[in-house]
2 protein chains.
Amino acid sequence: MTTREDEAGRNRRAELLGIAAGLFAEKGFKNTTVRDIADASGIQSGSLYHHFDSKESMVDEILSTFQEELFGSYDQILDSVDDARTKLERAVQVSFEAIDRHRHEVAIFQNEADYLGAFERFAYLAERNAQSRAVWITLLDDGVRSGALRADLDIELTYRFIRDTVWVAVKWYRPGGTLTHEHVADQYLHILLDGISHG
Amino acid sequence: MTTREDEAGRNRRAELLGIAAGLFAEKGFKNTTVRDIADASGIQSGSLYHHFDSKESMVDEILSTFQEELFGSYDQILDSVDDARTKLERAVQVSFEAIDRHRHEVAIFQNEADYLGAFERFAYLAERNAQSRAVWITLLDDGVRSGALRADLDIELTYRFIRDTVWVAVKWYRPGGTLTHEHVADQYLHILLDGISHG
DNA sequence: GTCTATACCGTGATAGAC
DNA sequence: GTCTATCACGGTATAGAC
């Protein structure tokens with residue numbers, strides 16, 4: 001049974017987490033105070049602790065929820081019957097889509113994973129990193145084996161370049177701006193697959 | 001006249017700045033305390049203030065010194081008589097070389113420019129950013145005009161991808177590791193210019 | 001050039017009234 | 001569910017002895 005109060009509580013919780021995510025992304029986790037979050041939410045700092053144990057719990061919930069969704073998308077691509085090149089393209093497109101829909105979460109993960117990863121509570125961040133590497137390496141290996149990609153590729157370096165260039169776009173991409181995430185993904189894939197030199 | 005004391009002072013100053021740069025790069029500027037810097041230097045926190053006005057002065061000196069050198073290198077490339085493609089290659093190589101020789105400084109600029117840029121004292125960071133954009137846009141424009149690069153390039157997006165991929169490498173590149181900065185630059189230029197797809 | 005001592009403030013978190 | 005009041009801690013920076 002779901003009462004009206006339960007739902008209101010969940011909505012409020014999500015609302016507060018959204019406000020916190022925006023601040024964590026903009027100013028950094030440690031650099032954002034619980035008073036900042038409370039001010040932006042129109043309540044007092046003490047009231048936040050009615051909803052959450054601690055500031056850590058807030059960022060924990062933000063990151064784990066997001067990653068569950070993202071890796072679900074990657075798994076769908078890996079499990080599909082598409083050819084290697086299409087899968088690689090899909091993975092890039094899904095990543096830019098994540099930047100579009102969850103830019104705060106992406107930014108937090110990019111900026112704070114190193115710092116947070118030092119606490120046992122956030123050990124899963126390192127696991128997710130390894131999981132992400134596995135996805136891209138698989139896609140690149142399949143691409144080379146199927147002949148879609150150059151045989152002389154340095155897979156490890158190529159992985160790093162793709163990963164870095166995709167996620168760092170969160171620093172400048174703004175949803176609702178002149179560039180759509182589809183356009184950015186297309187242009188990026190054009191550069192990545194075909195290069196920028198003439199002929 | 002340069003006395004022995006002056007020189008010892010400069011050495012000590014440079015030594016302390018180097019230690020601070022490592023901590024700022026690793027933990028972030030705000031997240032690094034003056035006590036952290038003092039501990040790592042084997043002195044008391046109060047003693048730091050004999051050498052520097054404030055924590056801000058330290059990061060200021062670290063960043064401005066580094067950028068003066070980096071943009072000197074870019075200017076040399078722009079002023080050279082090389083063709084467009086060679087200039088672009090040289091700019092990429094010089095950037096990876098900067099990551100190799102000054103990774104702390106690069107990391108600090110990458111991670112803290114947004115935060116520090118909000119203070120008037122660090123307004124020059126935004127100017128340096130604009131200057132950097134001007135360098136890359138010039139190189140790309142010349143490349144397209146001379147026929148070295150594809151005529152259908154989205155110059156602005158290409159600039160962002162190059163900038164991002166080059167500088168984000170500071171997150172994983174380690175001097176003295178198995179990869180040299182020359183090797184990384186070569187591989188990156190190969191991907192950038194020729195793409196990763198087969199044929 | 002480094003030390004000790006300390007002023008002063010912002011921080012995360014708690015307790016209990018409403 | 002929010003408020004006020006409060007606490008213990010750690011932060012930057014200063015003063016003055018050695």
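Here is how names work: the chains are called A, B, and so on, in the same order as the sequence lines, proteins then strands, and each is numbered from 1.
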Return the set of residues passing ring-ring contact (aromatic ring centres under 6.0 Å, His included) with A:Phe52 (not counting sequence neighbours), or none when no residue passes.
none

Provide, to the nearest angstrom, the distance between the [atom1] atom belonging to [X] and the [atom2] atom belonging to [N].
X: A:Phe52; N: D:dT2; atom1: CZ; atom2: P; result: 11 Å
X: A:Leu48; N: D:dT2; atom1: CG; atom2: P; result: 9 Å
X: B:Gln44; N: C:dT4; atom1: CD; atom2: P; result: 5 Å
X: B:Ile43; N: D:dA13; atom1: CD1; atom2: P; result: 15 Å

Looking at A:His51, does any N or O in its side chain come under 4.0 Å of the phosphate oxygens OP1/OP2 on D:dT2?
yes

Quick one: is A:His50 getting a side-chain N or O under 4.0 Å of the D:dG1 phosphate, OP1 or OP2?
yes

With sequence neighbours excluded, tell me which residues meet side-chain hydrogen bond (donor to acceptor under 3.5 Å, both in side chains) with A:Asp142.
A:Arg145

Which residues pass the side-chain hydrogen bond (donor to acceptor under 3.5 Å, both in side chains) test with B:Thr158, sequence neighbours left out?
none

Enumerate, atom names and distances included, each donor-acceptor pair closer than 3.5 Å involving a side-chain atom of residues 84-93 of chain B, sequence neighbours excluded.
from    : atom 1 : to      : atom 2 : distance (Å)
B:Arg85 : NE     : B:Glu89 : OE2    : 3.1
B:Thr86 : OG1    : B:Asp83 : OD1    : 2.7
B:Lys87 : NZ     : B:Leu78 : O      : 3.3
B:Lys87 : NZ     : B:Ser80 : O      : 3.4

For residues 79-103 of chain A, the ring-ring contact (aromatic ring centres under 6.0 Å, His included) pairs (sequence neighbours left out) are A:Phe66-A:His102, A:Phe96-A:Tyr188

Take the angle between the ring planes of A:Phe119 and A:Tyr115 and call it parallel below 30°, perpendicular above 60°, tilted in between.
perpendicular

Each nucleotide of nucleotides 7-18 of chain C classed B (base within 4.0 Å of a protein heavy atom), S (only sugar-phosphate) or -, in 5' to 3' order, makes ----BBBB----

